[in-house]
Trainee: 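Quick one: the structure is below, questions incoming.
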Amino acid sequence: MKKGQILWGVISVIIFTVLLYFISLENYFFNPYLTTFVTGIACAITALFSLTNITSTYDVGELLTQSKNQDKDASDFGKMLLAILYGLIMGVLFFTIQQKRVDSEFETNGIIASAKVLNGTHIANSIHRGVKNNTFTLQVSFHETLSQRDINTQVEVPQEVFESVYKDQTIEIIYSKTNPNMLKPIILESDIKRFKKIENRLITFQDLEILSNNDIDKNNLLEYLLSVSTGWSRIDDESDATFVAYHNPLKDENVAYSNIDHMLFYSGSNLEFLSQNEELVFKYEDLFKDSFPQSDLNPINLKIKETVKTYDYKHYLVKIVYDYYNLKTMDTIVATPKTLFFAKKY
């Protein structure tokens with residue numbers, strides 16, 4: 001290998017290192033694909049100069065036009081393809097390292113805050129023969145606590161995140177305290193678990209048991225609910241001390257507590273699973289309602305009655321309200337749990 005080729009190889013490594021550590025994290029965050037492309041191209045060109053005797057654009061043209069006519073040129077053309085492959089590998093390496101730096105920045109210097117979705121933009125750019133590059137952007141505003149100022153900025157997000165939010169929705173974000181314009185919505189399951197350190201699951205019987213415990217402040221159940229999953233907020237009239245209610249639109253769950261009869265209320269997508277708990281010991285069933293006005297009836301599936309089944313669960317009394325439907329298409333009656341009441345026995 002000639003000295004010139006060794007020199008170009010060293011230059012290629014130096015260029016990669018310089019671009020990796022001298023492109024600011026902010027510049028990469030807002031232009032990840034551009035900075036990756038520039039790094040890959042620079043590495044490919046210097047690798048090409050190292051593998052061949054090419055030192056000018058004229059030599060590149062000669063290589064492309066004569067490679068099929070001479071064995072030596074065909075060999076050089078193969079080296080050119082090898083250089084392109086090297087550039088792709090270095091580009092992927094650059095992208096991977098920078099992504100880890102971004103994640104590390106959020107994990108070490110990230111601050112979780114609430115943000116309002118102001119708008120969203122979807123841009124579809126045609127690349128080649130019907131292939132499109134889709135870019136999804138959210139415009140959000142939030143209050144930055146360190147400088148005590150409101151920030152209005154844009155952030156590029158995956159399509160899954162873009163389609164899961166709506167205008168004027170309040171979402172959770174994580175932003176860098178060193179550069180507040182660097183932010184990321186906490187919506188995807190992986191991000192919730194990584195940044196909030198919670199399981200982000202549905203409510204269970206064990207949660208209802210804890211929430212019914214006398215050690216829990218019934219007027220402030222929000223802290224515990226947010227330790228189970230993200231998205232909870234209080235929806236009742238806070239001036240009324242007799243009743244508190246919380247709603248989670250992301251999980252389709254509701255939790256409420258009555259200070260009058262000391263009963264916890266739950267409804268949600270996990271109710272059918274809770275009603276099948278093997279630890280529930282059936283006691284009795286009451287008829288709640290056995291007739292409905294014609295205007296309330298679905299022409300296909302008729303709601304014929306509501307009942308309340310009472311169970312024992314450890315030291316608690318559990319009442320579950322069931323809706324009974326007569327499924328005309330199947331000629332059968334189906335009981336669907338609607339709400340659950342959870343109270344400690346005295």
Trainee: Looking at CG of N200 and NZ of K193, how far apart are the two atoms once the value is rounded to the nearest 0.5 Å?
Mentor: 7.5 Å
Trainee: Should the heavy atoms of other residues, nucleotides or ligands under 6.0 Å from OH of Y311 be counted, would the total exceed 12?
Mentor: yes
Trainee: Do you know which two heavy atoms are closest between P249 and G231, and how far apart they sit?
Mentor: CD-O, 3.5 Å
Trainee: Is it true that I235 and F265 fall in one hydrophobic cluster, defined by side-chain heavy atoms closer than 4.5 Å?
Mentor: no
Trainee: To which residues is L118 joined in a hydrophobic cluster, defined by side-chain heavy-atom contacts under 4.5 Å among Ile, Leu, Val, Met, Phe, Trp and Tyr, whether direct or through other members?
Mentor: none
Trainee: Should I11 and F94 be counted in the same cluster of Ile, Leu, Val, Met, Phe, Trp and Tyr side chains packed under 4.5 Å apart?
Mentor: yes
Trainee: Hey, what do you get for CG (L340) to CZ (F205), rounding to the nearest 0.5 Å?
Mentor: 5.5 Å
Trainee: Are Y313 and L264 grouped together when hydrophobic residues (ILVMFWY) are joined by side-chain heavy atoms under 4.5 angstrom apart?
Mentor: yes
Trainee: Would you say that more than 12 heavy atoms from the other residues, nucleotides or ligands in this model lie under 6.0 Å from the CZ of F22, or not?
Mentor: no
Trainee: For side chain to side chain contact (heavy atoms under 4.5 Å, CB included), just list the numbers for T204 and F273, CA-CA rounded to whole Å, side-chain angles, deciding distance to a tenth of an Å, and then say yes or no.
Mentor: CA-CA 9 Å; T204 66; F273 173 76; 5.9 Å; no
Trainee: Would you call V92 and L88 a side-chain contact if the rule is heavy atoms closer than 4.5 Å?
Mentor: no
Trainee: Quick one: closest heavy-atom pair of S275 and L280, and the distance?
Mentor: O-CD1, 3.8 Å
Trainee: Applying ring-ring contact (aromatic ring centres under 6.0 Å, His included), can you list everything that pairs with Y166, at least two apart in sequence or on another chain?
Mentor: none
Trainee: Between T36 and Q98, is there a side-chain donor-acceptor contact under 3.5 Å, judged purely by atom types and distance?
Mentor: no
Trainee: Could you give the distance from NE2 (H247) to OG (S267), rounded to the nearest 0.5 Å?
Mentor: 9.0 Å
Trainee: Is K251 salt-bridged to E253, going by a charged N under 4.0 Å from an acidic O?
Mentor: no
Trainee: Quick one: does V255's side chain get under 4.5 Å of Y257's, heavy atoms only?
Mentor: no
Trainee: What pair of heavy atoms forms the shortest contact from I192 to T230, and how long is it?
Mentor: CD1-CG2, 3.5 Å
Trainee: Any chance you could pull the hydrophobic cluster mates of V157, using side-chain heavy atoms under 4.5 angstrom and chaining through other members?
Mentor: I111, V117, F136, L138, V140, F142, L146, I151, V155, V161, F162, V165, I171, I173, Y175, L183, I187, L188
Trainee: Is L287 reachable from V321 through a run of hydrophobic residues whose side-chain heavy atoms are each under 4.5 Å from the next?
Mentor: no
Trainee: Under 6.0 Å between ring centres: does that hold for F342 and Y316?
Mentor: yes
Trainee: Return yes when atom CD of E189 has more than 12 non-hydrogen atoms of other residues, nucleotides or ligands closer than 6.0 Å, and no otherwise.
Mentor: yes
Trainee: Do L211 and L225 touch side chain to side chain, with heavy atoms closer than 4.5 Å?
Mentor: yes
Trainee: For residues I112 and F195, report the shortest heavy-atom separation together with the two atoms involved.
Mentor: CD1-O, 3.8 Å
Trainee: Is there a side chain to side chain contact (heavy atoms under 4.5 Å, CB included) between S229 and L250 once you walk through the steps?
Mentor: CA-CA 9 Å; S229 60; L250 302 179; over 6 Å; no
Trainee: Checking S104 side chain against K100 main chain: does a donor-acceptor pair fall under 3.5 Å?
Mentor: no
Trainee: Is there a path of hydrophobic side-chain contacts, each under 4.5 Å between heavy atoms, that joins I320 and V281?
Mentor: no
Trainee: Atom CG of L25 and atom CZ of F30: how far apart are they, to the nearest 0.5 Å?
Mentor: 10.0 Å
Trainee: How long is the gap from CG on N152 to CD on Q139, to the nearest 0.5 Å?
Mentor: 4.5 Å
Trainee: For K196, give me all partners under salt bridge (charged side-chain N to carboxylate O under 4.0 Å, His left out), at least two apart in sequence or on another chain.
Mentor: E172
Trainee: Does H143 have any ring-ring contact (aromatic ring centres under 6.0 Å, His included) partners at least two apart in sequence or in another chain, and if so, which?
Mentor: none
Trainee: Assess whether atom CD of Q206 is packed by more than 12 heavy atoms of other residues, nucleotides or ligands within 6.0 Å.
Mentor: yes
Trainee: Check Y246 against L221 and note the closest heavy-atom contact, atom names and distance.
Mentor: OH-N, 3.2 Å
Trainee: Are Y86 and S12 side-chain neighbours, meaning at least one heavy-atom pair lies under 4.5 Å?
Mentor: yes
Trainee: Taking atom CD as the centre, does Q99 end up with more than 12 heavy-atom neighbours from other residues, nucleotides or ligands that are less than 6.0 angstrom away?
Mentor: yes
Trainee: Tell me, do E26 and T178 make a side-chain contact under 4.5 Å, heavy atoms counted?
Mentor: no
Trainee: Listed by chain and number, what are the salt bridge (charged side-chain N to carboxylate O under 4.0 Å, His left out) partners of E285, not counting sequence neighbours?
Mentor: none
Trainee: Taking atom types as modelled, is there a side-chain donor on S24 or N27 under 3.5 Å from an acceptor on the other?
Mentor: yes
Trainee: Got a second to check how far T307's OG1 is from K338's NZ, nearest 0.5 Å?
Mentor: 10.0 Å
Trainee: Less than 4.5 Å apart, any side-chain heavy atom of F16 and any of T46?
Mentor: no
Trainee: Is there side-chain contact between L274 and Y266, with heavy atoms separated by less than 4.5 Å?
Mentor: yes
Trainee: Determine, stepwise, if the pair F29 / N181 fulfils side chain to side chain contact (heavy atoms under 4.5 Å, CB included).
Mentor: CA-CA 10 Å; F29 183 80; N181 285 319; over 6 Å; no
Trainee: Kindly give the heavy-atom pair with the smallest separation between S269 and L202, and that separation in Å.
Mentor: OG-CD2, 3.7 Å
Trainee: Any non-hydrogen side-chain atom of L20 less than 4.5 Å from a side-chain atom of T39?
Mentor: no
Trainee: Decide yes or no on side chain to side chain contact (heavy atoms under 4.5 Å, CB included) for K116 and D168, but give the supporting numbers first.
Mentor: CA-CA 6 Å; K116 184 177 181 180; D168 295 330; 3.4 Å; yes
Trainee: Return yes if some donor-acceptor pair links the side-chain N/O of N270 with the main-chain N/O of I203 below 3.5 Å, else return no.
Mentor: yes
